[in-house]
Amino acid sequence: MKQKILILTVFFVAMAVYGQEASKVTEILDAPQLTTGQAAYIAACWFDPANETMDFHQATQFLVDQGMLKEGISSTDSIRLDELAGLCMKTWDIPGGLFYRLTKADRYAFKDLKALGYFSTNDDPSFTVAGFQGMSIMFKCMEYNTPALPTE
């Protein structure tokens, strides 16, 4: 009986904890404009799943400390496509072309991801991005360096 109560208690505590993180992802997907903090949250969680407990401001500061975002950037600012591309290239180690490798500039990251088909031909680097579109781009970048499952 004690074991069943312990299992139920652990189950409900785990559901409460993981429910909060799911609400963050839902908030990101529903956002009319993706913010720097929301994009930073996804990237920070990629580096370490323990970062799921961070809020958007803490995730932004984490990536600033890692040198992946510019100093003084606000977590509440809308993220532009070129900034998102730069964050994706750094987070998922996408090598990019010669100019990106030399400069690590967001504009070259945008051009490289556009060449890979992650952006449409009509996208401009200064456009802001909706939450769903931003998550879609980040998931494509995650797949770039994720090993394929072995086939039999």
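Heads up: numbering here begins at 1 and tracks the sequence. Note: hydrogens, waters and symmetry copies are ignored here, and every other heavy atom, side chains too, is used.
Taking CE from Met138 and SG from Cys141, the interatomic distance works out to 9.0 Å, rounded to the nearest 0.5 Å. Taking CE of Met135 as the start and CG of Asp30 as the end, the distance is 11.0 Å to the nearest 0.5 Å. The structure places CG of Leu102 at 7.5 Å from CZ of Phe99, a figure rounded to the nearest 0.5 Å. To the nearest 0.5 Å, the span separating CG on Leu29 from OG on Ser136 amounts to 10.0 Å. The line from CE of Met142 to CD1 of Ile94 is 10.5 Å long, rounded to the nearest 0.5 Å.
Under a 3.5 Å cut-off, the side chain of Lys90 and the backbone N or O of Gly67 do not form any donor-acceptor pair. Using a distance-only test at 3.5 Å, with no hydrogens or angles considered, no donor-acceptor pair links the side chain of Tyr100 to the main chain of Ala105. A donor-acceptor pair under 3.5 Å is formed between the side chain of Thr60 and the backbone N or O of Phe56. Between the side chain of Lys114 and the backbone N or O of Asp123, at least one donor-acceptor pair lies under 3.5 Å.
Across all their heavy atoms, Gly96 and Met89 have their closest contact at CA-CE, 3.5 Å. Minimum heavy-atom separation, Tyr41 to Asn51: CE1-O, 4.0 Å. Scanning both residues, Tyr118 and Lys140, for their nearest heavy atoms gives OH-O, 3.5 Å. Among all heavy-atom pairs drawn from Asp112 and Gly97, the shortest one is OD2-N, 2.8 Å. Residue Ala39 comes nearest to Leu34 through the heavy atom pair CB-CD2, 4.1 Å, listed as atom of the first residue, atom of the second, then distance. Glu52 approaches Lys24 most closely through the heavy-atom pair O-NZ, 3.5 Å.
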Start with the C-alpha distance between Gln38 and Glu27, add both sets of side-chain angles, then the distance that settles side chain to side chain contact (heavy atoms under 4.5 Å, CB included), and finish with yes or no. CA-CA 9 Å; Gln38 292 168 335; Glu27 179 184 341; 4.0 Å; yes
Stepwise, does the side chain to side chain contact (heavy atoms under 4.5 Å, CB included) test hold for Cys88 with Leu113? CA-CA 9 Å; Cys88 288; Leu113 289 184; 4.3 Å; yes
Does Ile73 form a side chain to side chain contact (heavy atoms under 4.5 Å, CB included) with Leu63? I'd like the steps, not just the answer. CA-CA 10 Å; Ile73 196 163; Leu63 293 182; over 6 Å; no
Apply the test side chain to side chain contact (heavy atoms under 4.5 Å, CB included) to residues Gln58 and Thr53: give CA-CA distance (whole Å), side-chain angles for both, the deciding distance (0.1 Å), then the verdict. CA-CA 9 Å; Gln58 292 170 327; Thr53 58; over 6 Å; no
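For Lys70, the NZ atom sits in a loose shell: 12 or fewer heavy atoms of surrounding residues, nucleotides or ligands are nearer than 6.0 Å. By the 6.0 Å contact criterion, CZ on Phe47 is enclosed, its count of non-hydrogen atoms from other residues, nucleotides or ligands being greater than 12.
At a threshold of 4.5 Å between non-hydrogen side-chain atoms, the residues Asp106 and Pro125 do not count as touching.
In summary, the side chains of Ser126 and Asp124 do present a donor paired with an acceptor at a separation below 3.5 Å, with no hydrogens or angles considered.
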Return all side-chain donor-acceptor pairs below 3.5 angstrom for residues 77-86, not counting sequence neighbours, or 'none' if the list is empty.
| from | atom 1 | to | atom 2 | distance (Å) |
| --- | --- | --- | --- | --- |
| Ser78 | OG | Gln33 | OE1 | 2.7 |
| Arg80 | NE | Asp82 | OD1 | 3.1 |
| Arg80 | NH2 | Asp82 | OD1 | 3.1 |
| Arg80 | NH2 | Asp82 | OD2 | 2.6 |
| Glu83 | OE1 | Arg80 | N | 3.0 |

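The aromatic rings of Trp46 and Trp92 stand perpendicular to each other, their planes meeting at an angle above 60°, with 30° marking the opposite boundary.
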